[in-house]
Engineer: 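First, the structure itself, so that you have it in front of you.
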Amino acid sequence: AVGCSSLAPRPDLPIDAALAPAAQTLLDERIAPVEAAHPGQSGFRLVREGPEAFAIRSHTALAAGRSLDIQTYIWHDDATGGFLAYRALEAADRGVKVRLLVDDMDARGKHYTFAALDAHPNIEVRMFNPFASRSGGLPLAFEAMGSFSRINRRMHNKTWIADNRIAIVGGRNLGDEYFGASEEVNFVDLDFAMIGPVVRDASASFDRYWNSAAAYPVALLAPKDVTPAALQALRDRAAPRVAAAPNHRYAAELRKDDSVFVKLKDQILI
């Protein structure tokens with residue numbers, strides 16, 4: 001039976017589009033006047049340093065008041081990845097619509113965490129090109145042998161969009177080694193922080209992937225794992241990590257890096 005595991009076609013779902021910019025949120029208030037002063041133009045900032053890349057994501061999630069769309073290939077459950085997941089959960093608790101689109105090659109191993117997040121009424125999680133089996137190495141191996149051409153097609157996009165007003169796109173996944181927080185190895189990478197009409201282009205790209213037949217709601221893949229109890233258990237596990245976050249080595253380094261907060265205030269407009 002294990003060897004026969006296969007992914008059923010995804011049923012048709014209503015088209016879901018990014019929420020349009022408005023005038024109610026902090027990001028609207030800060031960015032809309034800049035857009036109005038430069039009609040049809042977009043602003044870009046090249047984000048080279050990992051700490052700045054992390055801080056922009058954290059602060060925009062904290063500032064979001066309407067929507068938060070996150071697309072990634074890898075999302076680690078480590079200090080930075082876990083904290084950003086908590087920021088997304090905080091946003092949902094404030095009433096923000098949160099959409100998480102994650103490639104299943106990495107996400108399958110974190111299936112229960114994503115299923116727990118999906119139990120929040122304001123969070124929806126979709127897995128791109130998922131595996132039919134949700135746990136265990138042997139089922140995965142059999143499925144890979146029978147469906148290699150399909151599962152070899154992965155989603156490497158990385159997008160972070162808050163309120164359809166500011167977007168961060170580029171090469172960084174979500175985890176310590178992508179933000180200069182690992183004590184073992186860190187990657188050199190680049191992001192673009194963007195405001196203006198190009199943000200709506202990024203949202204349109206996100207929507208195409210989100211509504212693709214290859215993007216499966218985790219609630220369809222494993223409905224029994226998407227429960228209020230799972231979400232509460234996730235909150236209980238996250239609480240001590242969040243409480244300890246200000247004392248983490250990386251947090252101390254961020255506090256010492258004045259340039260991070262100067263850039264956020266003066267150039268990212270939050």
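If you read the sequence from its start, that first residue is 1, and numbering goes on from there. Computed from heavy atoms alone, side chains included, the values below leave out hydrogens, waters and symmetry copies.
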Engineer: Under a 4.0 Å N-O cut-off, is there an ion pair linking R172 with D189?
Structural biologist: no
Engineer: Find out whether H38 and V34 are in side-chain contact, i.e. whether some heavy atom of one side chain is under 4.5 Å from a heavy atom of the other.
Structural biologist: yes
Engineer: S42 and G196: which non-hydrogen atoms are nearest, and at how many Å?
Structural biologist: OG-C, 3.8 Å
Engineer: Can you confirm whether I123 sits close enough to L231 that some side-chain heavy atom of one is under 4.5 Å from a side-chain heavy atom of the other?
Structural biologist: no
Engineer: Surrounding CG of D236 (heavy atoms of other residues, nucleotides or ligands, distance under 6.0 Å), is the total greater than 12?
Structural biologist: yes
Engineer: For the residue pair F114 and W75, categorise the inter-ring angle as parallel (less than 30°), tilted (30 to 60°) or perpendicular (more than 60°).
Structural biologist: perpendicular
Engineer: When you look at CZ of R94, are more than 12 heavy atoms from neighbouring residues, nucleotides or ligands closer to it than 6.0 Å?
Structural biologist: yes
Engineer: If you apply the rule salt bridge (charged side-chain N to carboxylate O under 4.0 Å, His left out), what do you find for E52 with R45, and how did you get there?
Structural biologist: CA-CA 11 Å; E52 182 185 0; R45 173 176 175 76; 2.8 Å; yes
Engineer: Should the pair F54 and F83 be assigned to parallel (<30°), tilted (30 to 60°) or perpendicular (>60°) ring geometry?
Structural biologist: tilted
Engineer: Regarding H156 and D103, do their side chains bring together a donor and an acceptor under 3.5 Å, going by distance alone?
Structural biologist: no
Engineer: Quick one: closest heavy-atom pair of E177 and D78, and the distance?
Structural biologist: OE1-OD2, 4.1 Å
Engineer: Suppose we screen for ring pair (Phe, Tyr, Trp, His ring centres under 6.0 Å). Which residues come up paired with Y86, at least two apart in sequence or across chains?
Structural biologist: none
Engineer: In chain order, what residues pass the salt bridge (charged side-chain N to carboxylate O under 4.0 Å, His left out) check against R66, with sequence neighbours excluded?
Structural biologist: D28
Engineer: Please assess L117 against L234 for the test side-chain contact (heavy atoms from CB on, under 4.5 Å), listing each intermediate value before the final yes or no.
Structural biologist: CA-CA 8 Å; L117 287 169; L234 178 63; 3.6 Å; yes
Engineer: Quick one: are L190 and L46 in side-chain contact, heavy atoms under 4.5 Å?
Structural biologist: yes
Engineer: May I ask you to test the D225-T227 pair for a side-chain heavy-atom distance under 4.5 Å?
Structural biologist: no
Engineer: Please examine the side chains of H111 and V218, heavy atoms only from C-beta on, and report whether any two atoms are closer than 4.5 Å.
Structural biologist: yes
Engineer: How far apart are the closest heavy atoms of A181 and Y250, and which atoms are they?
Structural biologist: CB-CD1, 3.4 Å
Engineer: Going hydrophobic residue to hydrophobic residue with side-chain gaps under 4.5 angstrom, can you get from V169 over to I56?
Structural biologist: no
Engineer: Please walk me through it: do Y209 and Q71 pass side-chain contact (heavy atoms from CB on, under 4.5 Å)?
Structural biologist: CA-CA 9 Å; Y209 277 87; Q71 181 179 16; 3.4 Å; yes
Engineer: Determine, step by step, whether I70 and L84 satisfy the side-chain contact (heavy atoms from CB on, under 4.5 Å) criterion, reporting the C-alpha distance in whole Å, the side-chain angles of both residues, the deciding distance to 0.1 Å, and the verdict.
Structural biologist: CA-CA 10 Å; I70 303 171; L84 291 176; over 6 Å; no
Engineer: For a 4.5 angstrom cut-off between non-hydrogen side-chain atoms, does N122 reach V96?
Structural biologist: no
Engineer: For side-chain contact (heavy atoms from CB on, under 4.5 Å), just list the numbers for H76 and K110, CA-CA rounded to whole Å, side-chain angles, deciding distance to a tenth of an Å, and then say yes or no.
Structural biologist: CA-CA 9 Å; H76 288 324; K110 308 174 183 72; 4.2 Å; yes
Engineer: Taking side chain as C-beta onward, heavy atoms only, is V198 less than 4.5 Å from F44?
Structural biologist: yes
Engineer: Which residues pass the salt bridge (charged side-chain N to carboxylate O under 4.0 Å, His left out) test with R235, not counting sequence neighbours?
Structural biologist: D93
Engineer: Apart from V185 itself, what residues make up its hydrophobic cluster when side-chain heavy atoms of I, L, V, M, F, W and Y under 4.5 Å apart count as a link, directly or indirectly?
Structural biologist: none
Engineer: Do the side chains of F179 and L174 get nearer than 4.5 Å, heavy atoms only?
Structural biologist: yes
Engineer: Ignoring hydrogens, what is the shortest heavy-atom contact between T80 and G175? Give both atom names and the distance.
Structural biologist: OG1-C, 3.1 Å
Engineer: Quick check: closest heavy atoms across A202 and M194, and the distance to 0.1 Å?
Structural biologist: CB-CE, 4.4 Å
Engineer: If you compare all heavy atoms of L19 against all heavy atoms of S67, which two are closest, and at what distance to 0.1 Å?
Structural biologist: CD1-CB, 4.1 Å
Engineer: Do R57 side-chain atoms and A53 backbone N/O form a donor-acceptor pair below 3.5 Å?
Structural biologist: yes
Engineer: According to salt bridge (charged side-chain N to carboxylate O under 4.0 Å, His left out), who are the partners of E124, at least two apart in sequence or on a separate chain?
Structural biologist: R126
Engineer: Just to verify, what does F187 make a ring pair (Phe, Tyr, Trp, His ring centres under 6.0 Å) with, not counting sequence neighbours?
Structural biologist: Y178
Engineer: Is the shortest distance from a Lys or Arg side-chain nitrogen in K97 or D16 to a carboxylate oxygen in the other one below 4.0 Å?
Structural biologist: yes
